[in-house]
Amino acid sequence: MLVWILFLLCQVGAPALAQDLCQRDAPNGYKVRISLKTALGEDAYEWNQSEMFFFQATMAFAMRRHFQMETYNVDNIILCVQTSRVSFWFVVTSPDNTTMLIPKADVEKAVRMSRHRINNAFLLSDRTLEFLGIYPTLAAPVNPDTPPWLIVFGVVIGAVCAGIIALLVSSLLQKRRKEKGMTEDGQDEEDMQVKGVENGINLDGTYNRGFTDDDRFTKL
Amino acid sequence: MRFPKLPNPGLDDRIPSHQELERMEKEEAGDRPKWDNKTQYMLTCVGFCVGLGNVWRFPYLCQSHGGGAFMIPFLILLVLEGIPLLHLEFAIGQRLRSGSVGVWTAINPYLTGVGIASLLVSFLVGMYYNTIIAWVMWYFFNSFQNPLPWSQCPVNANLTDLVSECARSSPVDYFWYRDTLNTSTSIGDSGGLQWWMVLCLLCAWLLLYVCCLRGIETTGKAVYVTSTLPYVVLTIFLIRGLTLKGSLDGIKFLFTPDLNELMNPSTWLDAGAQVFYSFSLAFGGLISFSSYNSVHNNCEQDAVIISIINGFTSVYAATVIYSIIGFRATERFDDCLEGNILALLNAFSLAEGNITEGNYAESLQNLNGTFPETIQSLDLKTCDLQTFLSQGVEGTGLAFIVFTEAITKMPVSPLWSILFFIMLFCLGLSTMFGSIEGTVVPLQDLNIFPKRWPKEAITGIVCLVSFIIALIFAQSSGNYWLALFDSFAGSIPLLVIAFCEMIAVVYIYGIDRFNKDIEFMIGHKPNLFWQVTWRFVSPLIVLVIFVFYFVTKVSSNVTYIAWNPSSEDFPTLEVLEYPAWIYVIIFILAGVPSLVVPGTAMFKLIRRCCSNKNVYGAEVDTVSAKVQMFTTKT
């Protein structure tokens, strides 16, 4: 009889005890804030008791994954202080002793380890499923071996240098061709047979260099 | 009645006569370069005039001086100051067929100083302008990655948090001041050369060299791209901008007229200065470009067309820029409001969607009524769209901070970034063509280098020397040096030169002779509008602007703004005073080009008076050539 009464008391007292363990600003508890509309917009699902159960299950999974030896169950995750924001507090009790709470640091380690899985379970992200006090680890920056800007720079500079060389070489060739052309022209002119009309008289003879206008070569 | 002019003996001997010009035209004397076609000439001039100032100075002036009302002083001064000066430079270059030094020396040997001043200004401005192009290229190179490097803060060494300097300011600020410039805290602290900046500077000068290698032969081809691409990109941005949320707010903000600003004299002075600098007058480049035209080219029509294009481009660019700024401001406003709403929801554990943008104001009032202390502790930010819109920035701040931030918020950001920086690059490069022309041709005219040196070599030397001196802009303090050059090298000397140009043409060359020249060239005498503006109106406007500028600069304490992470108001830029030795530099930048004008005249006077030898020159017409004979009589 006494045992039966004690048992009854335990049934009544256990949730009350659990209620004492989980409260706002619990020393070993964490506040969770969920922003469904921000994350999913139109596709946001409704946050109800089933989702709360899913959360308990996910947290139990996270604790199991971290501690590996211990078998955490849904009952070990106690939730309280639910608001319409969707935010609530939770604490984790030890599977061996339901009155003992797992320290904050261990819970944090478990959450960090499985953060990605927890987020994905709810289709949320670090920003929309917040564990207040557990900051998301920042993604390690991707450092490529060669900075991309150097590659573009190399391409541009290569093209520019090729252009400069091409233009300079063509300038040089042009100049050389002009000089060669001028000296060749000079010789041709001197030996040329002139078949032209000068002063109305048809000339058919060789040019007498003695009377050539050669002030191209000498200037007064 | 002949307009009064100063005595100018021997003018006819120094300049080709009309008959000689006709003869040169027919014989096509092949020594002087020529434009392949009129399009090249127009595109080159448009490219020279339309530059970075149209994109990042005009929109700021427009917005800060009463929006649409600013158009009134701008257009009035465009007509009274810009077009006459432009026509003058085109006409004198086409008539005397020489670069700036050649033209002024031909008018009167004592005026050589005006040409030399143009040379110095072109050189100094070219140096710092190409550095801006180097910065544009750096951003262009960095645009080929997703996400863009200025879209997020880098993480600190042990991956715990964002870098403090970036977290306190913004990713775009950080990328500009730290990753790009690696700026020091003051102009005195040089901080050494930044290797990536040196590379970009090298790339910029090499690219400029390849385009200017053979003078207008190569630039004439390059301008087909560099002068037209900016318009294409602006149109693309306009279409993109108009589809973004908030763009119309930006355009409305830009053009909303505030007629009271017209009473403010600084509005008129800023408009006058903007017209003047926007036309790239007094650099000598326009005179040079015009001298490669045929003698009977209609320079009057060209001047009007180019002025209209320049004015239209300014307004068009302002529209595009402010549509994007409107988008950015709206994004910022939305973010600010969202942040506040989230803070309220979290503090009071209300369901999402309880407070929206629509009912924010009344919800805040309600909550403030019931829980004032909580609201106080939240420290909500005031979100005002007008404040975000009027974070009016100009210059490098607009391009490298505000606009880059707007780009990160657009989808497919790397594409927009690449387009934007290609546009800035083309705008800057086409202006540099004019700068190089204004530097190289006077050097050739002054016979500083031996005549047989090809143009490629002279251009190469100019680029090399400019690059070496421009390395001061690649230091940590380079940004401050550039601001210094911008304020002093490119402002006062140009006004002095422009004023001297007008006095020289109207009073020393003689406006009557000039009118006859223009009648010979284009077939009709310039009408009353040109007469009035050349003789009185334009010189007066330039003089007024010069006096105002000079007085403001001299009387005010010269300060500059610096980026100092350890200052109190960080991220607001710190206002510092220049150290004493900077005044020497300021004098070199602004004083030397201005003083060269009277200085050269004095030098020539002294040389002529004090020399013992009297040189007699005689000309003998012989069968083969016109022979100059000089004898010296002691």
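First the proteins, then the strands, lettered A, B, ... as listed; each starts at 1.
Both the backbone and the side chain of A:Leu36 come within contact range of chain B, each with at least one heavy atom under 4.5 Å from a heavy atom of that chain. Contact of A:Leu172 with chain B is not made at all, since no heavy-atom distance falls under 4.5 Å. The parts of A:Ser35 that come within reach of chain B are both its backbone and its side chain, each placing non-hydrogen atoms under 4.5 angstrom from that chain.
Looking only at heavy-atom pairs under 4.5 Å with chain A, the residue among B:Leu342, B:Thr218, B:Asn346, B:Leu202 that has the most is B:Asn346. Among the candidates A:Leu167, A:Val156, A:Leu150, A:Leu168, the residue making the largest number of heavy-atom pairs closer than 4.5 Å to chain B is A:Leu167.
For the pair B:Glu352 (side chain) and A:Thr38 (backbone), a donor-acceptor distance under 3.5 Å is present.
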- Message: Before you tell me yes or no, could you show the steps for B:Trp138 and A:Trp149 under side-chain contact (heavy atoms from CB on, under 4.5 Å), namely the whole-Å CA-CA distance, both residues' side-chain angles and the distance that decides it to 0.1 Å?
- Response: CA-CA 8 Å; B:Trp138 162 259; A:Trp149 76 266; 3.3 Å; yes
- Message: Test side-chain contact (heavy atoms from CB on, under 4.5 Å) on A:Ser170 and B:Arg214; report intermediate values, then the result.
- Response: CA-CA 11 Å; A:Ser170 84; B:Arg214 288 203 210 135; 2.4 Å; yes
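Atom CZ of A:Arg127 has 12 or fewer heavy atoms from other residues, nucleotides or ligands within 6.0 Å. In A:Phe53, the CZ atom is not crowded: 12 or fewer heavy atoms of neighbouring residues, nucleotides or ligands sit closer than 6.0 Å.
Between A:Arg85 and B:Leu345 the shortest heavy-atom distance is CD-O, 3.6 Å. Between A:Ser84 and B:Ser349, the shortest heavy-atom contact is OG-O, 3.6 Å. For the residue pair B:Leu199 and A:Phe153, the shortest heavy atom distance occurs at O-CE1, 3.3 Å.
Counting only heavy atoms from C-beta outward, the side chains of B:Leu206 and A:Cys161 approach each other to under 4.5 Å.
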